[in-house]
Amino acid sequence: MAKLAINGGLKVIDRQLGKDWPIFDGTERANLLEVLESGKWWRGGGDAETSKVALFEQGFAAFQDAKHGVAITNGTQAIECALKAIGIRPGDEVICPAATFVATATACILVNAIPIIVDIDPANYQISPAAVEAAITDRTVGILPVHYGGYPADMASLQEIADRHGLWIIEDSAHAHGSTWNGQGCGSIGDIGCFSLQMGKTLTSGEGGICITNDDELAEKLFSFHHIGRFPGRPFYEHHIVASNLRMTEWQAAVALGGLERLEEQANTRDSNAKYLEAGLREIDGVSPIERDEWVTRWNFYFYHFKFQSEDFGGISRQRFVEALAAEGLGGGSGHLAPIQKNPLFTDRNWGPACFGDNEPPDYAKVETPEADRIAATEGISVTHRLFLGGTEDMDLMLEAIAKVRENVGELQ
Ligand SMILES: Cc1ncc(COP(=O)(O)O)c(C=O)c1O
């Protein structure tokens, strides 16, 4: 008789794990009502300092250990705004990883910069410092690491490379709210950190974003680039630079402020559940956790990733494993998208109106990132963050489901 649920057996997990997402309570309701009744639905005007957007900027920046925050419409535009504030010029080359969401790189093209896409480190799935070093040319101006899945990238090595070559660092922290590197909030380590508040993220306002920085001058520029070229303290209709309107609304900030109150506790819960899960994963043949580097002081992941090794898992494909696991009640996914340079926009060279001065993007079809390819194709497994918001009994159920598939892998061969 079949034991595996995919073959008609009983499933291991027959209840919800973790929590539903998004989470909200009376705080968001009260904040939204307050905005509605105030008649002040945007951050501009006389009360800009006390607006919900300003409160969110201050609260979130402090939470991530940064001095300044500038709230933005979304995470993609947060990166564009950061690149403008840091002084990007047409044809400048910016190094970013292959394993990320495409917006990391397209944000560069949207400001006429050229993303140079490099491989990741197979040990921790983060941008490889050696690959960064190898990609530097005399056109390189900065590094755009992603804390992929919320796991802090190797910032010490990246900073050392940046210092040696006179490069800036903008951290794409879209997955890393609440993650800490050597005790310091992700996004506050390099020159600017950019976050997304899109609905799946661990802090959300439906859509939204924020840039943080410890640099006073960059903070002023971020403010100006998100606010039609205005400068703080200057007359309202005095515009200093060509800039877009990237302002967050008071509605978004009302919701984000509620989530911010819960973020510390949720981040600790995710991190401690992940550590518990990791100990269990080590006991099962054919799966293993990402080994935690010593700099990872808190991993508040957007998705938790671990490794699947077919050769130690009865030779079945990752796809087969994911399907069998889903039947047991644990919906995982590869979550690991193909390396971004495989997207048609890169292979077809569809840059839209972007122009790169006297430089040209590389032939992305020839950009090789073997580790990112392999991990996306066969090894990486991801599980969404909300499943980690319950107790360790949920981790036990996940482990039980994985172990059951491993023990009965013969049914899948
Ligand atoms: C790594 C990364 N960077 C940037 C973004 C863009 O954020 P948004 O969707 O808010 O524009 C995302 C969105 O998922 C992302 O995953």
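Counting from 1, the numbers follow the sequence of the chain as shown.
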- Query: When the aromatic ring centroids of Trp181 and His147 are compared, is their separation below 6.0 Å?
  - Reply: no
Side-chain polar contacts of residues 93-100 - donor-acceptor pairs under 3.5 angstrom, sequence neighbours left out - could you list them?
residue, atom, partner, partner atom, Å
Glu93, OE1, Thr137, OG1, 2.8
Glu93, OE2, Asn359, ND2, 3.1
Thr100, OG1, Thr104, OG1, 2.7

- Item | Whether over 12 other heavy atoms sit under 6.0 Å from Glu160 CD | yes
- Message: Would you say the ring centers of Phe321 and Phe313 fall short of 6.0 Å from each other?
- Response: yes
- Item | Exceeds 12 heavy-atom contacts within 6.0 angstrom, atom CG of Leu10 | no
- Task: Assess whether side chain to side chain contact (heavy atoms under 4.5 Å, CB included) is satisfied between Arg318 and Glu379, documenting all intermediate values.
- Result: CA-CA 7 Å; Arg318 182 187 59 186; Glu379 185 185 89; 5.7 Å; no
- Has Glu238 got more than 12 heavy atoms of other residues, nucleotides or ligands less than 6.0 Å from its CD? yes
- Message: Is it true that, when you exclude Gln16 itself, more than 12 heavy atoms of the residues, nucleotides or ligands shown sit nearer than 6.0 Å to its CD?
- Response: yes
- Note on the structure: Distance col, row Cys211:SG vs Ile170:CD1, nearest 0.5 angstrom, shows 8.0 Å
- Ile241 CD1 to Phe225 CZ distance, which is reported to the nearest 0.5 Å: 3.5 Å
- Judged by modelled atom types alone, do Asn300 and His177 share a side-chain donor-acceptor pair under 3.5 Å? no
- Would you call Glu393 and Arg15 a salt bridge, using N to O less than 4.0 angstrom? no
- Message: Please tell me whether Tyr276 and Asp396 have a donor and an acceptor in their side chains that are separated by less than 3.5 angstrom.
- Response: yes
- Message: Do Ser288 and Gln309 pair up side chain to side chain, a donor and an acceptor below 3.5 Å, judged on atom types alone?
- Response: yes
- Query: Is the count of non-hydrogen atoms from other residues, nucleotides or ligands lying under 6.0 Å from Arg89 atom CZ greater than 12?
  - Reply: no
Donor-acceptor contacts, no H, no angles, side chain residues 79-88, under 3.5 Å, sequence neighbours left out:
none

- Aromatic ring centroids of Phe101 and His175 under 6.0 Å? no
- Can you label the angle between the Phe195 ring and the Phe60 ring as parallel, tilted or perpendicular, going by 30° and 60°? perpendicular
- Going through the distances and angles, do Glu283 and Arg406 end up as a salt bridge (charged side-chain N to carboxylate O under 4.0 Å, His left out)? CA-CA 11 Å; Glu283 304 301 314; Arg406 179 66 190 88; over 6 Å; no
- Message: Checking side-chain polar atoms at under 3.5 Å, does Tyr151 have a donor or acceptor matched by the opposite partner on Asp293?
- Response: yes
- Item | Atom pair CZ (Arg320) and CG (Leu325), whose distance is rounded to the nearest 0.5 Å | 13.0 Å
- Does a side-chain N-to-carboxylate-O contact under 4.0 Å join Lys307 and Asp312? no
- Less than 6.0 Å separating the ring centroids of Phe303 and Tyr148? yes
- Look at the rings of Trp21 and His385 and say which category their plane angle falls in: under 30° parallel, 30 to 60° tilted, over 60° perpendicular. perpendicular
- Task: Identify whether the distance between the nearest side-chain nitrogen and carboxylate oxygen of Glu407 and Lys3 falls below 4.0 Å.
- Result: no
- Find the distance between CG (Leu32) and CD (Gln252) and round it off to the nearest 0.5 Å. 11.0 Å
- Query: Are Glu133 and His165 linked by a side-chain donor-acceptor pair shorter than 3.5 Å?
  - Reply: yes
